[in-house]
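All residue numbers in this chain count up from 1 along the given sequence.
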Amino acid sequence: MKAGYSTRLGSAIVGDSRRLLAELDDDSVDLVITSPPFALQRQKTYGNVEQHEYVDWLAEFGRLVFEKLKPDGSFVLDLGGAYQKGTPARSLHNFRVLLRFCDDLGFFLAEDFYWFNPSKLPSPIEWVNKRKIRAKDSVNTVWWFSKTEWPKADVTRVLAPYSDRMKKLIANPEAFYRPKLRPSGHDISAGFGRDNGGAIPSNWLQIPNTESTGQYTRACNIVGADIHPARFPDAFPAFFIRFLSVPGDLVVDIFAGSNTTGMVAEAEGRRWLAFEEKPKYVAASAFRFLPNASGAVLSSVYTQILDGKILTLEKFDPQNALSFVFT
């Protein structure tokens, strides 16, 4: 018996995502976006695998994802860095994952992204805080895998705001540049000064992870539920959901945790599935879809999911639809 909950557009299910993925039709998923437990030396409460086992373990999930993705689908994988045990030398596990997925599983690397979290605390403590021989680790590698060389994507859906200087250039192009071939080989045409609604974003995503008093955490505190310790910010899945899918597409998170992905997918009009092995995290993630619920309702929902039930939650409140600006 599966436990979890469903909303207007999606479902969160307790279970091993390898088993749950196997139940999906092949070529049925538009986008998988996830952040698996990282290959850290210190065990975390949400579960993580030793570095020497990590690549083989993650490849089990990758093989299933490949089967379930549509031909033009994408798989976005967020991986944190780590150090080798007892030394200030970096682990190469995230790059070994990249090579295994492409060389053995058949994925293409559509593009590599790098998520910079400027609010991340200095770590690891031994090398950064105590001995002061390394800079803090604040960048995750994000591999955008695809099943073919031509996955569905549209960068115009995630345009960044123009800088003040670019706004001035658009207002008066002649004052800033003359169309010509630059020494670098770039041909800067007259169309460079056209207003296209925003700037093309780079593969460097600067997104702080500072949320500590939002709806999810407040509800967890009310009920006394454990807050998932490794949540990514809403803007992270929002970027890739908008970039790589359209309304009505199916988005899946195979290590859902507190189900940020499902919440954003719902707000963006995508169908979604969230798989998470720990019942307590699935139960608490339901709070994201109950913005106006009383403490009694929150407690009831949490308890019933822990008891193994699948609940149908009220329609997601459109007044809480998400709005992001990418910089």
Side-chain angles (χ1 to χ4, degrees), residues 3-4 12-22 31-66 75-85 90-101 105 107 113-115 117 120-121 123-125 137-145 207 209 211 216-217 220 225-234 236-237 240 251-264 272-285 288:
I13 303 296
V14 176
D16 187 319
S17 56
R18 286 167 291 195
R19 175 176 59 82
L20 296 173
L21 276 170
L31 171 63
V32 175
I33 178 169
T34 199
S35 182
F38 295 163
L40 304 176
Q41 293 297 345
R42 183 164 56 91
Q43 286 294 307
K44 298 289 190 177
T45 57
Y46 52 81
N48 53 308
V49 179
E50 292 287 343
Q51 286 185 24
H52 68 280
E53 304 170 337
Y54 192 78
V55 178
D56 290 339
W57 173 78
L58 196 54
E60 296 179 33
F61 299 88
R63 186 172 291 106
L64 284 164
V65 168
F66 188 90
F75 180 17
V76 175
L77 185 64
D78 167 44
L79 294 175
Y83 281 83
Q84 296 180 22
K85 193 168 186 178
R90 296 288 282 178
S91 167
L92 299 178
H93 73 275
N94 46 351
F95 302 102
R96 297 188 197 283
V97 167
L98 169 63
L99 293 176
R100 173 72 71 83
F101 275 42
L105 302 187
F107 283 105
F113 281 79
Y114 300 90
W115 170 24
N117 176 10
K120 195 169 184 178
L121 296 174
S123 67
I125 293 175
D137 181 10
S138 58
V139 176
N140 286 4
T141 53
V142 182
W143 308 134
W144 168 21
F145 294 113
I207 304 174
N209 195 3
E211 190 277 326
Y216 166 77
T217 53
C220 284
D226 288 342
I227 298 172
H228 195 283
R231 309 178 308 281
F232 49 35
D234 304 345
F236 180 83
F240 289 103
V251 177
V252 178
D253 190 337
I254 58 175
F255 298 100
S258 68
N259 199 17
T260 306
T261 299
M263 178 192 68
V264 174
W272 60 269
L273 292 171
F275 303 149
E276 167 58 45
E277 198 169 26
K278 293 187 179 296
K280 65 178 181 179
Y281 292 142
V282 173
S285 74
R288 295 191 181 278

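Closest approach of Ser285 and Asn259 over heavy atoms only: CB-CB, 3.7 Å. Heavy atoms only, all atoms of each residue included: Tyr281 and Pro229 are closest at OH-CD, 3.7 Å. Across every non-hydrogen atom of Pro36 and Tyr54, the tightest pair is CG-OH, 3.5 Å. The minimum heavy-atom distance linking Asp226 with Cys220 is given by the pair O-SG, 4.2 Å. Here the closest non-hydrogen pair linking Pro37 and Trp57 is CD-CH2, 4.0 Å. What you find for Val282 and Gly4 is that their closest heavy atoms are CG1-CA, 4.0 Å.
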Margin query: Walk me through whether Leu105 and Phe145 qualify under side chain to side chain contact (heavy atoms under 4.5 Å, CB included).
Written below: CA-CA 11 Å; Leu105 302 187; Phe145 294 113; over 6 Å; no

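With a 4.5 Å cut-off on side-chain heavy atoms, Phe236 and Ile33 count as touching. In this structure, Leu64 and Ile254 have side chains that are not in contact, with every pair of non-hydrogen atoms separated by 4.5 Å or more. Two residues are said to be in side-chain contact when any heavy atoms from C-beta on lie closer than 4.5 Å; Thr260 and Arg288 meet this criterion. Counting heavy atoms from C-beta on, the side chains of Tyr216 and Ser258 come closer than 4.5 Å. Looking at Phe66 and Val32, their side chains never come closer than 4.5 Å, going by heavy atoms from C-beta outward.
Of the inter-residue distances, the one linking Phe255 atom CZ with Leu77 atom CG reads 8.5 Å to the nearest 0.5 angstrom. Distance check: Leu273 CG to Thr261 OG1 gives 12.0 Å after rounding to the nearest 0.5 Å. Note that CD of Glu277 is 9.5 Å distant from CZ of Arg19, once rounded to the nearest 0.5 Å. A distance of 14.5 Å separates CH2 of Trp272 from CG of Leu31, quoted to the nearest 0.5 Å. How far CG of Asp137 is from CZ of Arg90: 4.0 Å, rounded to the nearest 0.5 Å. The structure places OG1 of Thr34 at 9.0 Å from CD of Glu276, a figure rounded to the nearest 0.5 Å.
Taking a 6.0 Å sphere around CZ of Arg100, one finds it holds more than 12 heavy atoms contributed by other residues, nucleotides or ligands.
Panel note: side chain Asn209, backbone Arg231; a donor-acceptor pair is recorded below 3.5 Å.
Taking the six-membered ring for Trp and the full ring otherwise, the centers of Trp115 and Phe240 sit at least 6.0 Å from each other. The aromatic ring centres of Trp143 and Phe101 sit 6.0 Å or more apart.
Each of Asp78, Thr141, Asn140 was compared with Asn94 under the side chain to side chain donor-acceptor pair (under 3.5 Å) criterion, and only Thr141 meets it.
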